[in-house]
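Bear in mind the structure is a predicted one, so any value in this text is a computation, not a measurement. Convention: sequence-line order gives letters A, B, ...; per-chain numbering from 1.
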Amino acid sequence: TGVATMKFKSPPVNSLSLEFLTEFSISLEKLENNRACRGVIITSAVPKIFSSGLDITEMCGKSVEHYTEFWRALQEMWLRLYGSNMVTVAAVNGSSPAGGCLVALSCDYRIMAENPKFSIGLNEAQLGIVAPFWFKDAFVNVVGHRVAERSLQLGSLHPAPEAHKLGLVDELVPEEKLMEKAAAVMAQWLALPDHARQLTKTMMRKAVLDRLVAHREEDIKNFISFVSKESIQKSLRMYMEMLKKRK
Amino acid sequence: TGVATMKFKSPPVNSLSLEFLTEFSISLEKLENNRACRGVIITSAVPKIFSSGLDITEMCGKSVEHYTEFWRALQEMWLRLYGSNMVTVAAVNGSSPAGGCLVALSCDYRIMAENPKFSIGLNEAQLGIVAPFWFKDAFVNVVGHRVAERSLQLGSLHPAPEAHKLGLVDELVPEEKLMEKAAAVMAQWLALPDHARQLTKTMMRKAVLDRLVAHREEDIKNFISFVSKESIQKSLRMYMEMLKKRK
Amino acid sequence: TGVATMKFKSPPVNSLSLEFLTEFSISLEKLENNRACRGVIITSAVPKIFSSGLDITEMCGKSVEHYTEFWRALQEMWLRLYGSNMVTVAAVNGSSPAGGCLVALSCDYRIMAENPKFSIGLNEAQLGIVAPFWFKDAFVNVVGHRVAERSLQLGSLHPAPEAHKLGLVDELVPEEKLMEKAAAVMAQWLALPDHARQLTKTMMRKAVLDRLVAHREEDIKNFISFVSKESIQKSLRMYMEMLKKRK
């Protein structure tokens with residue numbers, strides 16, 4: 001059918017570790033270069049979670065070289081996903097904070113399980129950190145400036161019904177219908193001639209992609225200088241301990 | 001009353017041919033230079049169709065000189081309409097795909113007959129072609145980035161009720177009330193002092209107008225190189241034959 | 001609690017006079033420099049009116065030096081308010097046209113008394129004048145391009161329920177609950193770590209703030225040349241006389 005399904009399977013919470021990001025990028029690249037593949041559905045094999053976002057252990061007590069490599073891998077993944085020539089559909093079958101939300105935001109279409117216990121959002125501010133400008137750009141392109149301004153400042157995690165109301169996801173369906181619906185949406189998008197659709201997508205997304213490409217090294221330096229601060233290291237460690245206790 | 005009504009009357013479907021576009025521009029210019037005229041209502045004299053968009057015969061098997069003249073005439077019409085100092089109201093009394101949608105998008109206010117059989121949208125992608133960047137800019141200014149991204153990629157033609165829900169048209173009224181409503185809206189807009197209204201309109205639209213002015217020759221070259229491709233010529237010919245069979 | 005309340009008290013209508021604007025800026029600066037203060041609630045001590053906007057007497061029959069000083073004070077207030085590091089909540093307990101609307105627009109959150117007799121909007125066009133580009137930028141950031149284009153051209157004053165529907169205010173509450181609600185919203189925003197929230201706010205607002213900073217002198221010249229026109233002086237005098245008769 002020309003459609004691949006990519007299932008995140010990195011328990012317990014599909015954290016975006018350096019390894020995960022690298023594999024994700026390689027998989028996207030392979031599919032992109034495979035002429036038989038025209039679309040990809042992204043979902044999770046882990047119950048209740050789509051992706052929990054950046055792996056905080058990659059950001060704690062590591063070397064500058066490690067931070068650089070990690071951040072570059074994150075940029076690489078996003079440039080591939082947001083700029084993909086394939087049709088990309090996110091089947092969000094669980095919660096999706098921070099970097100997990102970014103993955104969903106970067107697809108062409110977002111379907112979410114209509115479970116109010118599942119939430120999605122760029123909640124970086126809650127952790128005392130700031131979403132990178134390109135997370136923000138992708139977010140504004142989906143929900144508009146005002147919703148983005150409020151949601152980012154509050155670090156909001158929106159329960160599925162609210163996310164739908166805000167336009168952060170396009171559609172809600174019962175969880176058991178999620179993959180069926182994703183396949184139907186994919187078929188609708190693939191009914192269009194690839195070339196015209198791809199050029200149109202590029203026209204819509206190029207400005208935001210170019211902005212990261214132009215400021216890529218600056219963005220890495222910015223991340224390193226931020227994450228190297230003792231105050232940030234401390235709050236990340238506290239956050240990790242809180243997560244451990246929760247389990 | 002200072003209000004002109006412009007009725008498109010080029011059966012069967014008000015295609016935007018070179019001749020049509022040239023006449024349209026001249027009419028706009030005359031009204032613009034007529035101090036007695038402060039507003040124009042644009043509608044169709046052809047049943048069920050507002051305008052079917054660009055005349056595909058102008059894009060098939062013609063010379064580079066012809067393509068250049070055609071595209072320049074399209075740009076000229078749009079620069080005049082989108083940048084008009086008059087109040088412009090579209091009374092959309094029929095379907096309005098592609099270039100027809102652009103005409104409506106470029107007015108100050110859009111009223112559409114509330115007939116779900118009438119649809120409107122930038123459906124270029126369905127034909128294997130790509131809407132020019134300035135169609136996209138005008139579209140984003142009306143419906144926002146997300147709706148535009150999805151609608152343009154899918155080449156959607158939105159039935160009137162959906163178009164209203166998306167903000168693509170401002171209001172739906174029964175077809176027999178369309179002109180009455182257009183006149184009432186026009187009166188409301190003309191109640192404002194012209195000078196302040198015009199400066200405000202310019203402030204809102206200048207960035208997008210300037211972008212075409214700055215890239216006008218590039219946009220023409222881009223169109224010619226696109227339309228000269230054998231693959232595009234082929235799909236346009238197929239599309240025309242399909243249209244003929246439909247009749 | 002780290003929260004200040006600023007109550008506009010300049011009867012009869014809290015006009016933004018040179019003196020008012022200067023005091024407003026000084027108050028904001030003091031609060032900004034006071035580490036104990038993390039948020040400010042802005043409301044009115046005058047019944048039925050939040051602020052009536054720019055004081056027209058400052059714009060009538062004065063010297064170029066006066067116009068310059070007045071406009072610079074307006075810019076200064078806005079740069080401080082829109083760029084404030086504090087959480088800013090507008091408790092809009094009355095009508096709020098023109099510059100009054102700008103004050104509300106520049107806060108992080110807007111709560112309005114749900115009284116349909118209270119209205120809010122950038123109604124400059126009704127007076128034959130044009131809102132400055134930075135009023136427009138702040139407006140577009142809140143309500144989007146299309147709503148702004150229409151509202152600014154018509155100089156609309158939106159009754160509270162309509163303002164809420166358009167996203168111009170975030171929430172409506174009964175007037176007697178306004179301050180209670182403002183305090184609750186403030187507490188929600190202050191629950192976030194200041195530093196991350198401030199950097200996020202800057203990321204969202206910097207482009208628009210920078211645009212005024214870059215064009216500040218040009219904007220002053222523009223105002224002076226506009227306000228010095230005899231036709232504008234005449235319509236402002238007529239407007240003032242109409243206001244006097246109303247009383």
Residues from residues 49-79 of chain B approaching chain A under 4.5 Å (heavy atoms): none
Neighbours of chain A found in residues 121-154 of chain B - heavy atoms under 4.5 Å: Ala125(B), Gln126(B), Gly128(B), Ile129(B), Val130(B), Ala131(B), Pro132(B), Phe133(B), Lys136(B), Val140(B), His145(B), Arg146(B), Ala148(B), Glu149(B), Arg150(B), Leu152(B), Gln153(B), Leu154(B)
For chain B, the option from Leu199(A), Thr200(A), Leu192(A) that forms the most heavy-atom pairs under 4.5 Å: Leu192(A)
Close approach to chain B in residues 108-116 of chain A, criterion heavy atom under 4.5 Å: Asp108(A), Tyr109(A), Arg110(A)
Residue-level contacts of residues 161-175 of chain A with chain B, using a heavy-atom cutoff under 4.5 Å: Asp170(A)
Which portion of Gln198(A) sits near chain B, non-hydrogen atoms under 4.5 angstrom: neither
NZ/Lys229(B): more than 12 non-hydrogen atoms of other groups inside 6.0 Å: yes
Within 6.0 Å of CE in Met240(B), more than 12 heavy atoms from elsewhere: yes
